[in-house]
Q: 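This structure is in structure tokens; I'll ask about it shortly.
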Amino acid sequence: MTKYLQIALGVLSAIGGFVDIGDIVFTTSAGALFGYQLIWAVVLSVVGIVVFAEMSGRVATVTKRPVFSVVRQRMGFGLGLVTLIGSQIVNVLTLAAEAGGVALVISLLFNVSYPALVAPAFLCLALVIWITPFNWIERIFGYLGLGLLVFLVGAVHLHPNLDHAAAGLVPHLHSSATYLYFAVGLVAAGLMPYEVYFYSSGAVEEGWKAPGDLKLNRINAILGFGLGGILSLSLIAVAAQVFHPIGVQPEFLGTSMLGAQASLGTAGLILASVGILFAVSGAAIDTCFSGAYTLAQFLGWEWGKYRHPQGAPRFTITWMVLLGLGLVIVSTGVDPVIVTEYAVIGSVVALPLTYLPVLLIASDPTYMGTHVNGRFAKAVGWFYMGVIAIVAVAALPLLIITNAGSG
Amino acid sequence: MREDAFEIAYRLLDTELIDSDGRRCGRVDDVEIEGDPGSPAQVTAILSGPDAFSARVPRPLRRPSSRLFGDGLVRVPWDAVQDIAEVVRLKHRGEELGLGSGDTAAARIVARIPGSEQ
């Protein structure tokens, strides 16, 4: 029975993956600019990530192989290498943005200058990863990230306009390029590949076994990422109620927090800050591990946080180097929010090459036996490959046309 | 179980190598096949290491690949293969076969950091 309460992996993957700094920035901006009109993009990305997280977790549980191992196996060395390089670049950018975001949130909370906090933030993250066992990382950052639920309370408290929200479930494809840019950004932010790299590797780290843990996998994927989706919708709703009517265009992470303050006062602001702090820290750890997981799995190195650092030394050195690279990027003084936007849009390059092999292996009875994709999972999977293809083609031109959404 | 016939590219190539201690110790980066034209070919060894995979990428990428990942090649004789399933299991420890030597070097660096053994 306790096994069914073990949803920490799903919650951390979702809170630290789905609702990361990229998602917070995109949802708040989308709500402020377009009210409820982009809700459909969030719903589309939530269902997509639930489908692929479940699939990648199932593959990891049945074959003991996480996503990047599958990428190399199914796509071969050449395409696998392209995916590896693409996803590593995006990973490091995301890691830099998330860790910079940690410093940013602390500086807003305690009114300290941001540049002075950058190095300490990275040091703290390194210490946490070094000292804390994997399951405690999941629990601390997953559950404290749930402070973000304050946005759900805030959204309800603000009496959202349900008619507008319902209308937002339908895409309006005739609208402006900026609208399309945010739609693509929301879908991409929800489907960022590091979420499944982390989730599937976590399933192997936790030693999930078929068939018993397949249910656990499904619950983790649906509840974890479902929760992430609800939080994203809440962020949109708060921004739509607070910022949209007065025409504020949020450009800072702090704006999202002010949304909670506007609806719930100081307590709301503090809870929102704590939630964002742990969600963003969790995302920094997710991306840091994801980078090390992917490299190790691609090359066949021993990997895993469950092995003590000396048991998987190349993996250990890799995450340290990645954290160091992140620090170098943030230390140049670049704005973490800008880095996030580029990371999200850049991630679409790695999207098809990550999700296609997952779909192929999950649909292959040679590997999956009786746990192979059914007709429904296959149909939804291929539908999302179509969505991913459209997003991948549209992202870069829209980024250039709209000047990263600023019109 | 070792099957007598299977699709090499589909089942063997790029698969993970697990040694007798259960440690991950590389991937099947290439396969050595012997046989004369007209007669049945036989897999004689698994090749693992940067030299093996760098030779598989498109020509312009070969040099960047070996620059990035270094060189080195380990030949695992086919006799050392225990079975092929979702991974390739080996009969011996990785060290005995010369696999996973990069971890030995990296372990020396990690060992210098306090708390690395808990």
Side-chain angles (χ1 to χ4, degrees), chain A residues 59-66 68-82 84-85 88 126-127 129-133 204 210 292-293 295-304 307-321 357 360-361 364 366-369, chain B residues 6-7 9-19 21-30 46 48-50 52-62 64-65 68-70 72 74 85-88 94 99-118:
Chain A
V59 170
T61 308
V62 173
T63 69
K64 301 284 172 298
R65 281 188 305 185
F68 225 83
S69 193
V70 168
V71 168
R72 163 91 193 258
Q73 170 88 31
R74 206 66 179 81
M75 306 306 269
F77 185 83
L79 270 180
L81 185 63
V82 172
L84 178 73
I85 293 170
Q88 284 294 5
L127 276 175
I129 298 176
W130 184 255
I131 293 167
T132 321
V204 176
Y293 283 143
L295 185 67
Q297 288 160 10
F298 184 79
L299 292 172
W301 297 348
E302 186 56 272
W303 55 269
R307 307 241 181 216
H308 57 84
Q310 278 210 55
R314 282 183 287 192
F315 171 81
T316 307
I317 290 176
T318 306
W319 70 249
M320 288 176 170
V321 169
L360 289 176
I361 292 268
D364 188 338
T366 318
Y367 289 103
M368 299 297 290
Chain B
F6 55 85
E7 272 187 64
Y10 177 55
R11 289 290 300 278
L12 188 58
L13 208 55
D14 292 312
T15 307
E16 203 164 43
L17 296 170
I18 307 284
D19 76 357
D21 288 347
R23 283 184 66 84
R24 304 177 176 100
C25 54
R27 280 184 173 268
V28 181
D29 294 315
D30 209 343
I46 283 168
S48 184
F53 62 66
S54 292
R56 281 173 60 201
V57 297
R59 199 175 287 273
L61 291 175
R62 275 179 207 168
S65 172
L68 192 63
F69 297 114
V74 178
E86 64 270 3
V87 294
V88 172
L99 291 163
S101 53
D103 266 340
T104 320
R108 261 178 253 134
I109 301 170
V110 174
R112 292 195 193 147
I113 309 168
S116 62
E117 279 164 59
Q118 88 245 40

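Reminder, nothing fancy here: chain letters follow the sequence lines and each chain counts from 1.
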Q: With sequence neighbours excluded, what pairs up with A:T318 under the side-chain contact (heavy atoms from CB on, under 4.5 Å) test?
A: A:A292, A:L295, A:W301, A:L322
Q: What part of A:R65 gets closer than 4.5 Å to chain B, counting heavy atoms only: side chain, backbone, both or neither?
A: side chain
Q: Would you say A:L299 and B:F53 make side-chain contact, with heavy atoms under 4.5 Å?
A: yes
Q: At a 4.5 Å cut-off on heavy atoms, which part of A:Y367 comes close to chain B: side chain, backbone, both, or neither?
A: side chain
Q: Flag the pair B:I113 / A:M320 as yes when at least one side-chain heavy-atom distance between them is below 4.5 Å, and no otherwise.
A: yes
Q: Looking at A:R314 and B:A106, what are the two nearest heavy atoms and their distance?
A: CG-CB, 3.7 Å
Q: Apply side-chain contact (heavy atoms from CB on, under 4.5 Å) to B:V110 and list each qualifying residue two or more places apart in sequence or on a separate chain.
A: A:W130, A:P309, A:Q310, A:P313, A:T316, A:I317, B:S116
Q: Given heavy-atom pairs under 4.5 angstrom as the criterion, report whether the side chain, backbone, both or neither of B:L13 touches chain A.
A: backbone
Q: Would you name the heavy atoms of B:R23 and A:E302 that are closest together and state the gap between them?
A: CA-OE2, 3.4 Å
Q: Could you pull out the closest heavy-atom pair between B:D29 and A:R72, with the gap in Å?
A: OD1-NH2, 2.6 Å
Q: Nearest 0.5 Å, what's the CG-CG distance between A:L81 and B:L68?
A: 7.5 Å
Q: Looking only at atom types and distance, does a side-chain atom of B:R24 sit under 3.5 Å from a main-chain N or O of A:A296, one as donor and one as acceptor?
A: no
Q: Could you give the distance from CD (B:E16) to CD (A:Q73), rounded to the nearest 0.5 Å?
A: 9.5 Å
Q: List the steps and the verdict of side-chain contact (heavy atoms from CB on, under 4.5 Å) for B:D30 and A:F77.
A: CA-CA 10 Å; B:D30 209 343; A:F77 185 83; over 6 Å; no
